[in-house]
Amino acid sequence: MAISLLALAAFLLLGLDLEEGSVFPAAAAPEGVEITYGSVIKLMHEGTKFRLHSHEVPYGSGSGQQSVTGFPNVDDSNSYWIVRPMPDSAAKQGDVIQSGTIIRLQHMRTRRWLHSHLHASPISGNLEVSCFGGDNESDTGDFWRLEIEGSGKTWKQDQRIRLRHVDTGGYLHSHDRKYTRIAGGQQEVCGVRDKRPDNIWSAAEGVYLPISGSK
């Protein structure tokens with residue numbers, strides 16, 4: 001059953017407690033729309049087309065924090081992330097985001113932040129990427145610098161980007177190596193310190209808030 005974009009926005013922003021894998025309509029933004037703070041998006045890995053995903057399953061090694069994976073299905077409620085500024089930033093909901101800006105990504109369902117540190121990732125032994133903290137708990141391990149590929153100066157939907165972790169220097173990365181247990185069929189997400197083709201992501205489905213002051 002088709003659900004309007006307005007209804008989808010209400011569902012997302014209320015953070016309904018949906019089961020992992022439940023059917024949840026994916027809203028595609030008009031091509032080239034600006035991404036603003038407060039928007040709720042899915043990030044698609046360019047090489048594999050998997051979406052950045054998290055769920056309340058801890059890593060069995062490393063930090064033991066909430067795991068982050070690449071998920072194959074588009075219609076999944078655990079692949080939504082809220083785009084947030086740094087704490088104490090003057091940025092507000094609806095502001096556009098310039099290349100080079102440090103942002104945070106908050107997992108919509110669990111309210112934890114996309115995070116990285118020096119623990120080794122489970123499959124490849126690169127930098128582990130996890131979810132950590134909560135609405136009132138965030139630190140520099142949640143800071144990611146937006147790097148837009150090409151000549152674009154502000155972040156737009158479908159634009160090729162990299163996210164570089166501020167503390168470790170690792171780029172958000174994925175590849176086609178998959179878990180066989182717990183998160184079977186989902187692929188590893190990790191951090192690597194050099195630029196590679198598998199560092200590239202783009203904003204896909206989601207609810208894109210209008211620019212502040214726009215009609």
Roughly how far apart are I35 CD1 and I41 CD1, rounded to 0.5 Å? 5.0 Å
Give me each pair satisfying salt bridge (Lys or Arg N to Asp or Glu O under 4.0 Å) with a member in residues 90-100, each pair once, sequence neighbours excluded. K92-D95
Measure up the H175 and H173 rings against each other and bin them: parallel (under 30°), tilted (30 to 60°), perpendicular (over 60°). tilted
Write out all pairs satisfying salt bridge (Lys or Arg N to Asp or Glu O under 4.0 Å) with one or both partners inside residues 120-143, taking only residues at least two apart or from two chains. R111-D135
Quick one: NE2 on H117 to OG1 on T168, what's the gap to the nearest 0.5 Å? 9.5 Å
What's the separation between atom NE2 in H115 and atom OG in S54, rounded to the nearest 0.5 Å? 12.5 Å
For W201, enumerate each residue passing the ring pair (Phe, Tyr, Trp, His ring centres under 6.0 Å) test, keeping only those at least two apart in sequence or located in another chain. H45
Under a 3.5 Å distance rule, please check whether Y59 uses its side chain to pair with a backbone N or O of S121 as donor and acceptor. no
Taken in chain and number order and not counting sequence neighbours, the residues that satisfy side chain to side chain contact (heavy atoms under 4.5 Å, CB included) with E147 are R162, R164, Y171, K195
Verdict with supporting geometry, W155 and I161, side chain to side chain contact (heavy atoms under 4.5 Å, CB included): CA-CA 8 Å; W155 191 10; I161 65 160; 3.6 Å; yes
With sequence neighbours excluded, what pairs up with N126 under the side chain to side chain donor-acceptor pair (under 3.5 Å) test? S124
Under 4.5 Å between side-chain heavy atoms, counting indirect links through other Ile/Leu/Val/Met/Phe/Trp/Tyr residues: same cluster for V40 and W113 or not? no
Side chains of Y37 and I103 in contact at under 4.5 Å (non-hydrogen atoms): yes
Is F50 isolated, or which residues cluster with it under the ILVMFWY side-chain rule of less than 4.5 Å, directly or via members? none
What is the minimum heavy-atom distance between S79 and H53, and which atoms define it? OG-ND1, 3.2 Å
Measure the spacing between NE2 of H119 and OG of S63 and express it to the nearest 0.5 Å. 5.0 Å
Min side-chain heavy-atom separation V68-L114 under 4.5 Å: yes
Derivation of the side chain to side chain contact (heavy atoms under 4.5 Å, CB included) call for V74 and R51: CA-CA 7 Å; V74 173; R51 270 59 174 175; 3.8 Å; yes
Do the side chains of I200 and E149 get nearer than 4.5 Å, heavy atoms only? yes
The side chain to side chain donor-acceptor pair (under 3.5 Å) partners of Q187 (sequence neighbours excluded) come to T48, S174
Are W81 and I97 co-members of a hydrophobic cluster defined by side-chain heavy atoms under 4.5 Å apart? yes
Quick check for you: to the nearest 0.5 Å, what is the distance between R104 atom CZ and T140 atom OG1? 11.5 Å
How close do C131 and H107 get, heavy atom to heavy atom, and via which atoms? SG-CB, 4.1 Å
Hey, any chance Y208 and V83 share a hydrophobic cluster, counting ILVMFWY side chains that come within less than 4.5 Å of each other, even indirectly? yes
Under the 4.5 Å side-chain heavy-atom rule for ILVMFWY, direct or indirect, which residues accompany M44? none
Look only at the side chain of K178 and the backbone of D176, and say whether a donor-acceptor pair between them is shorter than 3.5 Å. yes
Listed partners of E34 passing side chain to side chain contact (heavy atoms under 4.5 Å, CB included), at least two apart: V96, T154, K156, I211
From L209 atom CG to I82 atom CD1, the distance as rounded to the nearest 0.5 Å: 10.0 Å
Is any side-chain heavy atom of P122 closer than 4.5 Å to one of Y179? yes
Could I get the full list of side chain to side chain donor-acceptor pair (under 3.5 Å) partners for R177, not counting sequence neighbours? none
Hydrophobic clusters join Ile, Leu, Val, Met, Phe, Trp and Tyr when side-chain heavy atoms are under 4.5 Å apart, directly or via other members; which others share one with L118? L127
When every non-hydrogen atom of G47 is compared with those of D198, the smallest separation belongs to CA-OD1, 4.2 Å
Taking only distance into account, with no hydrogens and no angle test, what donor-acceptor pairs under 3.5 Å do side-chain atoms of residues 84-91 form with protein atoms, sequence neighbours excluded?
unit_1 : atom_1 : unit_2 : atom_2 : d
R84    : NE     : Q106   : OE1    : 3.1
R84    : NH2    : Q106   : OE1    : 3.2
S89    : OG     : A91    : N      : 3.0

Find out whether S130 and Q66 are in side-chain contact, i.e. whether some heavy atom of one side chain is under 4.5 Å from a heavy atom of the other. no
Note, H55 side chain near T69 side chain (heavy atom, < 4.5 Å): yes
Answer whether the closest heavy-atom distance between the side chains of L105 and L163 falls below 4.5 Å. yes
Has the side chain of R160 got a donor or acceptor atom that lies under 3.5 Å from a matching backbone atom of D158? no
Is the shortest side-chain heavy-atom distance between W144 and L172 below 4.5 Å? yes
Honestly curious: do F132 and I102 fall in one hydrophobic cluster under the side-chain, below-4.5 Å linking rule? no
